[in-house]
Protein chains: 2
Amino acid sequence: MECPFQKLFPSQLRRDDIFFMSHAYNEAIDAYKENEIPVGAVMVHGNRVIASAHNRVAALKDPTAHAEILVITQAAQKIGDWRLNETKLYVTKEPCPMCSGAAIMSRIGEVIYGFCDPKMGCLGGAISLLVLPEINHRPVIKTDILRDECYALMRHFFETRRSNGNVNDH
Amino acid sequence: MECPFQKLFPSQLRRDDIFFMSHAYNEAIDAYKENEIPVGAVMVHGNRVIASAHNRVAALKDPTAHAEILVITQAAQKIGDWRLNETKLYVTKEPCPMCSGAAIMSRIGEVIYGFCDPKMGCLGGAISLLVLPEINHRPVIKTDILRDECYALMRHFFETRRSNGNVNDH
């Protein structure tokens, strides 16, 4: 599917949240072009991107193939441990129930997301899983990084699909 | 690791909840023997087991390799669709935040679990993700199938690990 949005190419010299979220955004553009709901994610460790993926539910016919699950698996392989305490997850949209849970279970240090999802977001948008009283890990949460860009991509994707008569959206 | 519990071999003639949970329980025994937290799961479609797995987080060094995530991916491959409305998930323990979310996102028709997890269970034990007001799918939940057997396996596993001085449990 044609995507009217352009990828971002921030300077390598300034490795801040916007730099890393730009990579996640670029992954979301790849998802858009593949007619997947445009969510992208990267994992960062020691100020380097160690994993990068976008939503592939439709292509893989796998409901667990969200961008976050794919990067968490990749990152754990890179680090050689399922515990990801020293990592940061950047994702364009607030994680769904499954991926919010995955961020907790994999002990990610920090989750940074683009825009909030008041319908399904489980790190503050709809509910927060961090209220679980006996949880043994709580990632730091940061929001609204490249929010407008990440949200515009998602909104345009669904508007285009609806105008094309696709009613089977999830 | 040696496991003092025996696998169950229920009659093939009576394909009820106990029959299918016995398969999940047998998977949990395999997990125990591999020194993985003993959780097993199967997916059922049209009264047949179409997917079967146990927890493999340690072996795969993958925090997403819970029994439920593995069977959901397998089942979607078998069915050829990420939407699993016609399936049932049998799992020995109440799903964690990630796997409770996965059951919702994959639109599983029914989730049947062995014992409740008041610490991390997100289908009624600690909290219920089904209270999300705008969720577009709610599996039917059934609990306490082979509860005592499934729980005894888990309790014995942790007691043995603790008596062996393993303090790195999750």
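Convention: sequence-line order gives letters A, B, ...; per-chain numbering from 1. Remember, it's a predicted structure, so these values are computed and weren't measured experimentally.
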Peer 1: Taking atom OH as the centre, does A:Tyr151 end up with more than 12 heavy-atom neighbours from other residues, nucleotides or ligands that are less than 6.0 angstrom away?
Peer 2: no
Peer 1: Please check if atom CZ in B:Phe5 has more than 12 non-hydrogen atoms from other residues, nucleotides or ligands closer than 6.0 Å.
Peer 2: yes
Peer 1: What part of B:Leu132 lies closer than 4.5 angstrom to a heavy atom of chain A: side chain, backbone, both or neither?
Peer 2: side chain
Peer 1: With chain B as the partner, which of A:Pro97, A:Ala58, A:Pro118, A:Pro95 has the greatest number of non-hydrogen pairs under 4.5 Å?
Peer 2: A:Pro97
Peer 1: So which residue, A:Gln74, A:His137, A:Glu134, A:Met120, ends up with the most heavy-atom pairs under 4.5 Å with chain B?
Peer 2: A:Glu134
Peer 1: Under 4.5 Å heavy-atom distance to chain A, tell me which part of B:Thr73 shows up: side chain, backbone, both or neither.
Peer 2: both
Peer 1: Tell me, out of A:Cys122, A:Gly101, A:Ala126, who's got the most heavy-atom pairs with chain B below 4.5 Å.
Peer 2: A:Gly101
Peer 1: How far does SG of B:Cys99 sit from CE of A:Met98, to the nearest 0.5 angstrom?
Peer 2: 9.5 Å
Peer 1: Working to the nearest 0.5 Å, report the span between CD1 of B:Ile69 and CD1 of A:Ile69.
Peer 2: 5.5 Å
Peer 1: What about B:Leu70 and B:Val57, same hydrophobic cluster or not, with Ile/Leu/Val/Met/Phe/Trp/Tyr joined at side-chain heavy-atom distances under 4.5 Å?
Peer 2: no
Peer 1: Is the number of heavy atoms from other residues, nucleotides or ligands within 6.0 Å of CD (A:Gln6) greater than 12?
Peer 2: no
Peer 1: Side chain, backbone, both or neither: which part of B:Asp62 has a non-hydrogen atom closer than 4.5 Å to chain A?
Peer 2: both
Peer 1: Which bit of B:Leu60 comes within less than 4.5 Å of chain A, counting heavy atoms only: side chain, backbone, both or neither?
Peer 2: backbone
Peer 1: Given that the side chain runs from C-beta out, which part of B:Ile135 has a heavy atom under 4.5 Å from chain A: side chain, backbone, both or neither?
Peer 2: both
Peer 1: Just give me the residue among A:Ala76, A:Ala65, A:Ala103 that pairs up with chain B most often, heavy atom to heavy atom, under 4.5 Å.
Peer 2: A:Ala76
